[in-house]
Amino acid sequence: MHKEIWVHGVCPHDCYDTCSLEVLAEDGQIKRIKGQVGHPITRGFLCFKVNRYLERINHPDRVLYPLRRTGPKGSGQFVRVTWEQALDDIADRLQFIVAHSGAKAILPYSFAGNMGVLSEASMDRRFFNAIGASQLDRTICTASASAVLGRMFGQRMGPDPETLPKARMILLWGTNPMATNVHQIPLLDEARQNGARIWTVDPLKTETANRYQYHVQLKPNSDAMLAMALGRYLIDHELYDHDFVARHASGFDQYRAAVKPWSLEAAAQQCGVDPALIEQLALNLATVRPLLIRPGFGMQRQQNSGLAVWAVAALSVLTGSFSDVAGGLLLSNGDAFGLNWNRLTCPDLAKTAPRIVNMVQLGQALETFGIEALVVYNANPAATAPDQSSVIRGLSRDSLFVVVHEQMMTDTAQYADYVLPAAMSMEILDLHVSYWHRYVQLNMPATNPAGEAVSNTEFFRRLAHAMGLTDPALRESDETLIAAALDTDHPYLDGITLESLYRDPVQKLRISANLRPYVDTPIMTSDHRLHLEPIGELKVGRDVPGRYHFLTPSRRETIKSSFANLRSFEQRSPFPELLVNPADAQREGWLEGQWVRVHNDRGETDLKVCMSSMPAPGTVVSYAVRWNRAGEGANINQLTSQELSDFGGGATFYSTRVDIEKKGW
Ligand SMILES: Nc1nc2c(c(=O)[nH]1)N[C@H]1C(S)=C(S)[C@@H](COP(=O)(O)OP(=O)(O)OC[C@H]3O[C@@H](n4cnc5c(=O)[nH]c(N)nc54)[C@H](O)[C@@H]3O)O[C@H]1N2
Ligand SMILES: Nc1nc2c(c(=O)[nH]1)N[C@H]1C(S)=C(S)[C@@H](COP(=O)(O)OP(=O)(O)OC[C@H]3O[C@@H](n4cnc5c(=O)[nH]c(N)nc54)[C@H](O)[C@@H]3O)O[C@H]1N2
Ligand code: SF4
Ligand SMILES: [Mo]
């Protein structure tokens with residue numbers, strides 16, 4: 001009998017928008033995926049990527065059965081085995097390592113391949129806590145910003161993005177929503193129609209910078225200086241909100257001393273920006289309300305990220321921007337949800353303090369820390385981690401046992417001893433929150449998993465069982481895990497339970513959109529003040545020399561390496577591109593379509609020249625990231641560095657310098 005069902009889904013990918021989906025399954029096959037029309041953020045449309053999702057679900061690269069390596073590491077030669085064979089062997093190997101070297105020789109590596117609460121951090125954390133493995137510090141994306149916001153505000157929470165159309169001055173700082181946050185665009189457009197001024201601060205003239213009025217095209221990694229100059233100007237001209245600062249902030253005197261060296265002229269020179277434009281921005285910040293400062297993660301992949309986030313966030317305090325509904329600072333709403341992470345991840349299962357490995361330095365860890373087993377899920381580090389040669393050297397080491405739980409035969413999976421098949425979100429149950437909007441959503445399965453694929457939670461339940469671990473926490477079902485996540489008396493989650501989500505799978509946090517963070521809500525720092533104290537000193541020029549600054553921001557058609565194996569993407573964008581300013585091209589004699597070798601002392605990769613007015617002279621761009629298999633075993637992360645940012649141990653992908661040689665055609 002023909003059976004057709006529509007099911008509520010949630011887009012699981014690492015994206016601000018966390019869209020609400022309607023998924024049609026016919027006879028156990030996914031046939032259509034639509035954006036939910038009634039969802040106030042999703043508004044019935046999806047992005048370039050998820051509009052092509054059937055191609056991803058049915059992709060020939062999909063891993064459907066457990067596989068064991070038969071050829072040399074990285075050769076991609078595998079044979080199908082049963083789940084039982086794979087689990088027995090993996091359990092034996094891990095137990096041997098625990099017995100002979102200690103569990104700290106086992107390292108998990110995961111990020112946000114699936115952002116479902118269960119898929120991202122639940123049974124996996126319990127499993128690694130229970131065996132006492134090394135712990136991964138998941139720093140690759142937001143560490144600098146999270147650390148600074150934690151120190152200044154006590155939490156990551158800003159205004160409700162649905163209030164955005166009420167803002168009259170919007171400052172998009174280091175973010176490109178036309179590619180990365182497309183559901184913000186209708187809100188920004190509405191604000192503009194309502195008369196808002198929209199500024200972007202970005203070293204690139206992005207699609208977003210082109211769409212709105214004012215663009216400050218500063219040099220990469222110069223944000224702290226620009227923001228300090230804006231702060232000094234507001235203080236020098238008595239344009240800051242004395243009352244707000246006196247009532248809510250601490251550290252004003254230290255702040256004033258720190259910004260003192262940064263006159264408009266000094267900053268203008270360092271940032272490569274007209275001082276008159278900085279002054280215009282300062283006057284807009286001082287006078288137009290409501291003021292929303294909306295930094296993105298792109299501004300904190302630099303050596304001075306911590307200082308930059310501090311200096312930009314300080315402007316939101318200095319201007320008293322939180323006093324207005326729709327005003328304030330919205331970098332992340334990640335802490336608004338108040339889930340019970342302790343119940344979910346069970347840190348108490350760990351008997352000893354674990355060794356902590358910063359994921360930005362995966363290459364170093366694999367090469368030098370005595371790691372003997374690596375378990376990868378929700379991530380593709382062979383393509384996405386910095387200093388790729390170091391990562392690949394580590395992954396190629398014969399004495400390293402590598403297990404990869406994946407949906408696709410990725411560049412990382414190619415190095416595995418075992419590849420285990422991972423289910424897609426349309427095949428599993430999960431709970432979703434967002435780092436931008438304020439909806440809690442339930443993702444329900446529309447079909448059974450393809451082949452022998454299993455969810456992340458089921459993978460770790462099976463692994464725990466195979467290792468003979470008996471703690472009941474390692475056996476809990478997905479429904480129990482969701483109930484555990486929601487088991488909290490946090491007022492924002494009042495009445496949101498698994499049962500209520502089954503009835504109504506999209507529920508807004510119980511916070512009024514008119515509640516002003518830090519004005520109407522308690523400030524979660526220890527002394528309940530917003531901290532303006534500087535977090536450190538400006539550091540300059542720590543990277544290797546190189547003639548060009550090399551930026552690798554998010555690509556519209558992929559999410560990092562996810563979607564980059566889709567034929568529709570490969571057809572649209574068949575070659576790895578290097579966007580160059582025509583003035584640089586003319587001086588260097590580069591021609592459109594010509595191959596160039598881009599290199600520094602960490603590595604090299606070949607890219608095709610594409611003239612573009614997006615970068616200023618001196619900066620070149622290639623979007624993140626293609627699969628290595630599409631580029632002779634390498635991609636742009638050959639060039640990026642394992643160096644950490646100044647605060648929070650974050651990544652410094654965008655502080656890369658390179659030299660460029662002509663190659664031919
Ligand atoms: N289509 C698509 N969407 C995505 C992703 C994707 O890969 N593709 N990735 C997802 C993920 S993992 C994340 S973390 C978010 C990130 O999304 P965003 O917050 O938008 O951040 P990025 O794309 O990293 O970079 C945004 C901008 O920062 C600029 N930038 C680079 N260096 C500097 C600097 O020194 N100062 C300033 N002011 N700007 C700088 C870049 O030129 C770029 O235009 O997007 C998510 N959404
Ligand atoms: N050069 C450069 N490099 C960058 C960046 C940059 O801007 N420039 N950005 C960095 C940033 S912000 C980030 S967040 C990282 C992201 O880097 P990664 O975390 O490696 O992200 P993806 O490339 O999206 O890989 C996610 C993988 O998870 C798999 N996956 C999806 N769902 C599931 C699931 O349910 N279970 C399992 N087991 N696997 C699943 C997908 O198939 C995919 O292969 O990249 C970083 N790398
Ligand atoms: S990737 Fe982002 S914009 Fe696209 S469907 Fe998913 S959540 Fe929505
Ligand atoms: Mo990210």
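Atoms within each ligand, like the ligands themselves, are counted from 1 in listed order. Values in this document were obtained by computation on a predicted structure and should not be read as measured data. When reading the values below, keep in mind they use all heavy atoms of this one structure, side chains included, and skip hydrogens, waters and symmetry mates.
- What sits closest to atom 25 (O) of ligand 1 on the protein, heavy atoms only, is Gly298 CA, 3.2 Å.
- Listed by number with element, the atoms of ligand 1 under 4.0 Å from a non-hydrogen atom of Asn176 are 20 (O), 26 (C), 44 (O).
- In this structure the side chain of Leu164 reaches within 4.5 angstrom of the side chain of Gln184, judged on heavy atoms.
- Looking at atom 37 (C) of ligand 1, its nearest protein heavy atom turns out to be Asp223 OD2, 3.2 Å.
- To the nearest 0.5 Å, atoms CG (Asp335) and CG (Asn333) are separated by 9.0 Å.
- For the pair Val621 and Thr552, the minimum side-chain heavy-atom distance is 4.5 Å or more.
- Tyr377 and Glu120 form no side-chain donor-acceptor contact under 3.5 Å, judged by distance and modelled atom types alone.
- Protein atoms that are N, O or S and lie under 2.8 Å from atom 8 (Fe) of ligand 3 are these: Cys19 SG.
- A cation-pi arrangement is not found for Arg156 relative to Phe153, the charged atom failing to lie both closer than 6.0 Å to the ring centre and inside a 45° cone about the ring normal.
- A cation-pi contact, defined as under 6.0 Å to the ring centre and within 45° of the axis, links Arg294 to Tyr16.
- No heavy atom of Glu557 sits closer than 4.0 Å to any atom of ligand 1.
- Shown in contact with Ala179 at under 4.0 Å from a heavy atom are these atoms of ligand 1, numbered in order with element: 1 (N), 2 (C), 3 (N).
- The backbone of Thr558, and not its side chain, has at least one atom closer than 4.0 Å to an atom of ligand 1 (non-hydrogen atoms only; backbone = N, CA, C, O).
- Other residues, nucleotides and ligands contribute more than 12 heavy atoms inside 6.0 Å of the CD atom of Gln213.
- Ring geometry, His13 versus Phe563: the interplanar angle falls from 30° to 60°, so the pair is classed tilted.
- Using cut-offs of 30° and 60° on the angle between ring planes, the pair Trp199 and Tyr214 is parallel.
- In this structure Glu55 satisfies the side chain to side chain donor-acceptor pair (under 3.5 Å) test together with Ser568, sequence neighbours excluded.
- Close approach of ligand 3 to Lys49 is summarised as follows: ligand atoms under 4.0 Å from at least one heavy atom of the residue are 1 (S).
- Ligand 1 lies nowhere less than 4.0 angstrom from a heavy atom belonging to Phe48.
- The shortest N/O to N/O separation between Thr175 and ligand 1 falls below 3.5 Å.
- To the nearest 0.5 Å, atoms CG (Leu315) and CG (Leu234) are separated by 6.5 Å.
- Here the protein heavy atom with the shortest distance to atom 44 (O) of ligand 1 is Asp202 OD2, 2.6 Å.
- The line from CG of Asn58 to OH of Tyr53 is 11.5 Å long, rounded to the nearest 0.5 Å.
- Atoms of ligand 1 lying under 4.0 Å from any heavy atom of Gly296, numbered from 1 in the order shown and given with element: 19 (O).
- Taking the six-membered ring for Trp and the full ring otherwise, the centers of His183 and His39 sit at least 6.0 Å from each other.
- For ligand 1, the polar-atom distance check against Leu204 finds no nitrogen or oxygen pair separated by under 3.5 Å.
- At a 4.0 Å heavy-atom cut-off, ligand 1 touches Ser554 through backbone and side chain alike.
- Residue contact check for ligand 1: Arg301 places a non-hydrogen atom closer than 4.0 Å to it.
- When only non-hydrogen protein atoms are considered, atom 31 (C) of ligand 1 lies nearest to Tyr654 CD1, 3.3 Å.
- Asp124 and Asn456 share no side-chain donor-acceptor pair at under 3.5 Å.
- Distances below 4.0 Å separate heavy atoms of Gly174 from the following atoms of ligand 1: 26 (C), 27 (C), 28 (O), 37 (C), 38 (N), 39 (N).
- Under a 4.0 Å criterion applied to the non-hydrogen atoms of Cys141, ligand 1 contributes the atoms 14 (S).
- Counting only heavy atoms from C-beta outward, the side chains of Val117 and Trp341 approach each other to under 4.5 Å.
- Polar contact check, Met299 against ligand 1: no nitrogen or oxygen pair lies under 3.5 Å apart.
- Counting the atoms of ligand 1 from 1 in the order shown, those under 4.0 Å from a heavy atom of Tyr16 are 15 (C), 17 (O), 18 (P), 19 (O).
- Residue contacts with ligand 1: Pro553 is placed with no nitrogen or oxygen under 3.5 Å of a nitrogen or oxygen of the ligand (distance criterion only).
- A distance of 5.5 Å separates CZ in Phe550 from CG in Leu607, rounded to the nearest 0.5 Å.
- In summary, the aromatic rings of Phe297 and Phe653 are positioned with their centroids too far apart to meet the 6.0 Å limit.
- Of all protein heavy atoms, the one lying nearest to atom 39 (N) of ligand 1 is Pro203 CD, 3.2 Å.
- When each atom of ligand 1 is checked for a heavy atom of Val201 under 4.0 Å away, the hits are 38 (N).
- Those atoms of ligand 1 that come under 4.0 Å of a heavy atom in Arg556, given as number and element, are 1 (N).
- In terms of polar-atom proximity, defined here as any N/O pair under 3.5 Å, Thr206 makes no such contact with ligand 1.
- Within the 4.5 Å cutoff, the side chain of His549 has heavy atoms near those of the Pro220 side chain.
- Close N/O approach between Lys219 and ligand 1 is not found [any backbone or side-chain N/O within under 3.5 Å].
- Nearest to atom 32 (N) of ligand 1 by heavy-atom distance, out of His549, Gln302, Lys560, is Gln302.
- Taking each of Asn221, Asp14, Thr180 in turn, the one with a heavy atom nearest to atom 35 (O) of ligand 1 proves to be Asn221.
- The shortest side-chain heavy-atom distance between Leu136 and Phe111 does not fall under the 4.5 Å cut-off.
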